[in-house]
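We count residues from 1, following the sequence as given.
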Amino acid sequence: MGKRDNRVAYMNPIAMARSRGPAQSAGPTIQDYLNRPRPTWEEVKEQLEKKKKGSKALAEFEEKMNEVELEKGTGKTQGEIVRWKREFIKEKRGNTPSNGLNVNILTISSSRATIV
């Protein structure tokens, strides 16, 4: 009765990897990244000009806020101002009752209103 042969053959991991072939990548390659479409210089200039102009909604809101500041001095109460701001926000949202946004006016300082 001899001993059982329990030796295991050595598996070279590098040779095993080479036998499987090249690795399949899930995402884009470096070549894909380098060959991606890029904007032209003119398009970049246009985008920068648009950023400098700012948003129309923000400009309108600031304009209305300036009117409100003037109206404060003419005798409007803070309750009327708060009501007007809520209406203004509802107009901008499209009069939908809930977009998942909670619109409350927290404080009104002498210079600006804080809207959360």
Next on the checklist: Does Arg36 have more than 12 heavy atoms from other residues, nucleotides or ligands lying within 6.0 Å of its CZ?
Outcome noted: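 Buried by this count: over 12 neighbours within 6.0 Å.
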Item to check | Ile14 atom CD1, over 12 foreign heavy atoms within 6.0 Å | outcome: no
Working to the nearest 0.5 angstrom, can you tell me the gap between [X] [atom1] and [Y] [atom2]?
X	Y	atom1	atom2	result
Ile30	Asn35	CD1	CG	11.5 Å
Lys51	Glu46	NZ	CD	13.5 Å
Glu67	Trp84	CD	CH2	6.5 Å

Next on the checklist: Would Lys85 and Lys64 count as a side chain to side chain contact (heavy atoms under 4.5 Å, CB included) here? Give the steps.
Outcome noted: CA-CA 9 Å; Lys85 287 179 183 173; Lys64 294 281 186 176; over 6 Å; no
Item to check | Flag, side chain of Gln47 to backbone of Val44, donor-acceptor distance under 3.5 Å | outcome: no
Checklist entry - Taking side chain as C-beta onward, heavy atoms only, is Lys45 less than 4.5 Å from Leu48? => result no
Next on the checklist: Counting C-beta onward and ignoring hydrogens, is there a side-chain heavy-atom pair between Met16 and Asn12 closer than 4.5 Å?
Outcome noted: no
Next on the checklist: Taking salt bridge (Lys or Arg N to Asp or Glu O under 4.0 Å) as the definition, give me every residue that meets it alongside Arg7, ordered by chain and number, with sequence neighbours left out.
Outcome noted: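 Applying salt bridge (Lys or Arg N to Asp or Glu O under 4.0 Å) to Arg7 gives Asp5.
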